[in-house]
Each structure stands twice: as structure tokens, then as C-alpha cells.
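Structure, as C-alpha cells:
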Amino acid sequence: MSNFTFNGERRDYITVLRGKNLPAWAPIQRELTAVPGRPGAVMTRTTTNVRTLSIPVRIKSDSFENLQLLKEDLAAWLVTDEPEELMFDDEPNRSYMAAVDQAFDFTEVVYMGRGTITFVVPDAYKYGPVKTAAIESPMVINSEGSAPTAPTFRLNIASTLTTVNILKGETEYMSIGQPADVEETAFAKTTKLLDDRATTLTGWGSTSIPLDNGAIGGDMLSSGDEFYATNYGSGVAWHGPARFRTFAVCEDYRVRVWFNNYVNKSNQRGRSELYLVSEDGTIIGKLEVSNKNSAMRPTVYCNIRNEADTKTILYKKDAYKGRFYGYIELKKEGINFTVTVVREPYTGDGGYKKKSTEVYRYKDTQNRFGKTLVGVVPHIGAWSSNPGANRARIRKIYVERINESSGDIPFSFIEGDTVEINHQTGLITVNDIDRMDLKDFGANFFKFDPGENTLIIEPIESISGEIEWRDRYK
């Protein structure tokens, strides 16, 4: 029986019937201009319109009541905010980036229903499987599709660099960073102290640090890419596991913590927090995402401290609908504190896509919050006897020291940085952080043309990594 996979999921109760409409190509609209004295017309413009897919299906249930519940399951699965990957069993090496369109009204007969699901493909194209190639220079990429396709470059930086350049052919290029003139001296503006992607708890110790309105209990584990609580212990207020890690002391710093927080029942309560710890063992700040009431909407919070003296820079109660998937950053540079909140769509593919950015600032003119930073404590908690959140997880923790200027221009990249240049989304990230400011004004997010594409990547002696692309078909 024929079926389909959408957004990485499929349903056994669906069967695709005969008669599905998968056009050989997307609708093409030609604009013609008549020229006096010349027969016919001149083609002046071509527009590729949205491709529409009509899929007749049968839905089978074991009872009339369950058939109604399957409607809700279909809506939860198929109705998405963004286009997702759609694959059909009888076309296994091709996929569409599609979104469901229009209503789905089906005829009910006993325990079965028949109807047509309509998908739209906004970018109009089909895609082949993901392909990768290790970076070399020069190198040739052979795109076997019939339409240009956008690559993604993932680069590992082996030494300090001011620029990275990627040339395609003789006319197209991508350049990021700031080149140094021969008279200029480059310096390291930042020093990476911690880049923990939550793959293991090795290196994280126990702690007895006093939590805000709570107690340490239970246990924390890694799923391979997230820290989570296997159990929360018990308590009358907040309770749950916490771990501690130290690094080189820093006066100015940037701390980022990535969260994945979500509740699916109104009685669930959960919080994910990162405490900042000074040399004397006191807490000097906290970044938090929490669900503390029945609204099922996450609250985001950040404060800085000096003993009992506190300053809340960020507090947005019940701020967003549904899941918080993104990061909060606290940056201290002199007396200037900046908090940045970045939300990303929950895609599950590990790729970076920015959904929204909010920035909050505070100037510590009285030098109340000048203590140095030497460690961080991640904590995941539940409230009293309430069930914990469906998801209360920490995905990554990143800390860097901000150094004093000791030259003319800062290095754009340092040893150990990971750089992603996504020509499909038009995003540049360094260590999963948006760095579109590094893009050269004249550079472009080029595409691979069908056939051979010659690339030169410089300085290749300081760069390794891979290129990812998918052949694209008209």
C-alpha cells in the first residue's frame, strides 16, 4: 500500500489512493511582449508559480469515535507553520518542501473516510537526497539536478583568522570577516572558555549552591545532545538536579545557554536555569526559561546580582506560544550588560534558523555588578508535587572571555570555531550564533549550477569541514 512521509513522520492508518496529482513541473507563466512589424511576440519574463499536489487518501479506523480522533491527529501532524519535507513511497529519491493547504473534508463510511489532502510547494522544486563532500581547494562539485541549488558550508577553524573566502568560478564569491592591511595588527577579541554541547556530563561536578526558591535533588543525564532530569527528587517548592563547572576567571564575558522547554498539560511546571558563579562562590546572575502556571506559555528571565543587590534585565511572563527553542545570552563588557533572546523554529534537524531576536540593555553606572565570573551551574527543576515539564532541557552552554584590545583589528575566527554558511536560508553563524555582520558587502549566497562547479576555499591550510547540498529538479 502506498503512503507518504511528512516532517519525518507517517501514519499507518492512511493509504494513498490512485489518482494523486503530482505535476511533472511547476506551473510556468510566460510574459510576452508584441513588437510592431515582427510576427508573434518576444518572451520578456518567466515566472515559476507554486506547485500544487493533490493526494487522494483513505483513512481507516476501528470505530467511529476513533475516526474523529484521527482527524485531530492529522491536524497536529500536517498543519505546520513552515514548509516541511514531503516524500512519497513510490518516489523514494525525491522530496518536496511542502505545506498543507485548504481544508480536508472527507466522506465517512462506517469506520473509514475518503478525501483529498492538498499540499502546496512554495519554492516549486523537487529535491534529491542530501549529499556531502569533504572540503578541499580547489575542488569540483557535480550537481546532478536540473535546477540551481543552494549549498551549506560547515567549516572547522584550525587557527586564528581574519577572513574566510569561498570562490565559485570566476565571478561569484562568499567572503566573511575583516581583512587586515599589512600595517595592521590583529588580536584575539575573545577567548573561548566553554563550548559544551550537552553530549556528556563528564567534567561537570556536583554542587551545593543555593537555588532560587528551591533545593537540589534527583539526577541529571545527557541524551546525547541535551541535559535533562531523570528525576527531580522531592520538595515543597522547586527541586531538581544541578551540576557545576569552572573555567578561567574573566572580568568581561559572554554567556549563552540554549533551551528546549515545552509543556503539553496545564498542570505541568518546569524550569531550566543557568546560574553564574563568581570566585567567592556567590551567584552573580541567572538565565532562565520556565513554565510556572497553567497558561502553558514559557517565561524568559535574566538577572545580575551582587549578594542581595539584584537587577532584572529581562522578564517576560508567559512570553511565547508553545515551545521555547532558542537561547538567552548575557554579555558583560565594562559597565554595559546586554541580554539577547533568540528563538528558533523547532525543526529537530540541528540546523540553525532564526525566528526572532530581542535585545535588552543595562548600564551599571554605579559599578554594583562588577564581580568576576569563574563558573556556571545548570539546573532543571519541577515544582512541589506537580508533574515536571514535558520538556525542560539545556541544549548547549557557551562561555567566552572578552579581552581588552591589543591591536588594530580583532580576529574574526579563532581555533576551534565552527562556521556555517547556509546559502539556502542566507544565514552565517559562528558557534551557532548569528554573525551576518561578518559578511563582505559584495559577497553573495551563490547556488550550484547543474553540472560541474569549481570552488576555491582560502586559507585552506586553516580550514576543514564539509559542504552539504541537495540536487534540485524542475
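The salt bridge (charged side-chain N to carboxylate O under 4.0 Å, His left out) check on Glu333 picks up Lys189, Lys331, with sequence neighbours excluded. Residues satisfying the salt bridge (charged side-chain N to carboxylate O under 4.0 Å, His left out) criterion with Glu31, sequence neighbours excluded, are absent altogether. With sequence neighbours left out, the salt bridge (charged side-chain N to carboxylate O under 4.0 Å, His left out) criterion links Arg470 to Glu85. Contacts of Lys292 classified as side chain to side chain contact (heavy atoms under 4.5 Å, CB included), with partners at least two apart in sequence or in another chain: Trp238, Glu288, Ser290. Taking Thr340 as the reference, nothing meets the side chain to side chain donor-acceptor pair (under 3.5 Å) condition, with sequence neighbours excluded. Residues forming a side chain to side chain contact (heavy atoms under 4.5 Å, CB included) with Asp90 (at least two apart in sequence, or on another chain): Ser2, Lys20, Phe88. Listed by chain and number, the residues in a side chain to side chain donor-acceptor pair (under 3.5 Å) with Asn291 amount to none (sequence neighbours excluded). The side chain to side chain donor-acceptor pair (under 3.5 Å) test applied to Thr46 returns Arg30, not counting sequence neighbours. The side chain to side chain contact (heavy atoms under 4.5 Å, CB included) check on Glu72 picks up Leu69, with sequence neighbours excluded. In this structure, the side chain to side chain donor-acceptor pair (under 3.5 Å) partners of Trp469, at least two apart in sequence or on a different chain, are Asp471.
For the residue pair Ser223 / Asp225, a side-chain donor-acceptor distance below 3.5 Å is found, with atom types taken as modelled. No hydrogens or angles considered: a donor-acceptor pair under 3.5 Å links the side chains of Asn444 and Glu172. Residues Arg243 and His379 bring no donor and acceptor atom of their side chains to less than 3.5 Å of each other. In this structure, a donor-acceptor pair under 3.5 Å is absent between the side chains of Thr116 and Ser54. Side-chain polar atoms of Tyr327 and Glu329 form no donor-acceptor pair below 3.5 angstrom. Side chain to side chain, Asn165 and Ser175 meet the donor-acceptor criterion of an N or O pair below 3.5 Å. In this model, no donor atom of one side chain and acceptor atom of the other lie less than 3.5 Å apart for Tyr96 and Asp123.
With Ile467 as the fixed residue, the side-chain contact (heavy atoms from CB on, under 4.5 Å) test singles out one of Met139, Glu136, Arg154: Met139. Among Phe4, Phe104, Tyr13, the single residue meeting the ring-ring contact (aromatic ring centres under 6.0 Å, His included) criterion with Trp77 is Phe4.
Gln178 and Ser412 make their closest contact through N-OG, 3.4 Å (heavy atoms, listed as atom of the first residue, atom of the second, distance). Here the closest heavy-atom approach between residue Val289 and residue Pro298 is recorded as CG1-CB, 4.1 Å. Closest heavy-atom contact between Ile380 and Ala392: CG2-O, 3.3 Å.
Side-chain atoms of Arg401 and Tyr253, non-hydrogen and from C-beta on, never get closer than 4.5 Å to each other. Between Thr163 and Glu458 there is no side-chain heavy-atom pair separated by less than 4.5 Å. Residues Leu287 and Tyr301 form no side-chain contact, since every pair of their non-hydrogen atoms from C-beta on lies 4.5 Å or further apart. At least one side-chain heavy atom of Val164 sits under 4.5 Å from a side-chain heavy atom of Leu155. At least one side-chain heavy atom of Phe413 sits under 4.5 Å from a side-chain heavy atom of Val430. For the pair Pro450 and Ser146, the minimum side-chain heavy-atom distance is 4.5 Å or more. Thr118 is not listed as a side-chain neighbour of Leu53, based on a closest heavy-atom distance of 4.5 Å or more. Inter-residue side-chain proximity for Glu226 and Asn260 is flagged as met; some heavy-atom pair is nearer than 4.5 Å.
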Chi angles and distances behind the ring-ring contact (aromatic ring centres under 6.0 Å, His included) call for Phe6, Phe119: CA-CA 11 Å; Phe6 180 72; Phe119 289 96; 5.5 Å; yes
Chi angles and distances behind the side-chain hydrogen bond (donor to acceptor under 3.5 Å, both in side chains) call for Asp434, Thr429: CA-CA 4 Å; Asp434 183 356; Thr429 63; over 6 Å; no
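A cation-pi arrangement is absent between Arg391 and Tyr262 under the rule of less than 6.0 angstrom and at most 45 degrees off the ring axis.
Applying the salt bridge (Lys or Arg N to Asp or Glu O under 4.0 Å) test to pairs two or more places apart or on separate chains, those with a residue in residues 441-455 are Lys168-Asp449. Identified under the salt bridge (Lys or Arg N to Asp or Glu O under 4.0 Å) test for residues 190-204, with sequence neighbours left out: Lys192-Asp195, Lys192-Asp417, Asp195-Arg197, Asp195-Lys396, Asp196-Arg245, Arg197-Asp432.
Counting non-hydrogen atoms of other residues, nucleotides and ligands closer than 6.0 Å to CD of Glu461 gives a total above 12. More than 12 non-hydrogen atoms from other residues, nucleotides or ligands lie less than 6.0 angstrom from CD of Glu358.
Between His423 and Phe445, the ring planes lie perpendicular to each other; the angle is over 60°, past the 30° to 60° tilted range.
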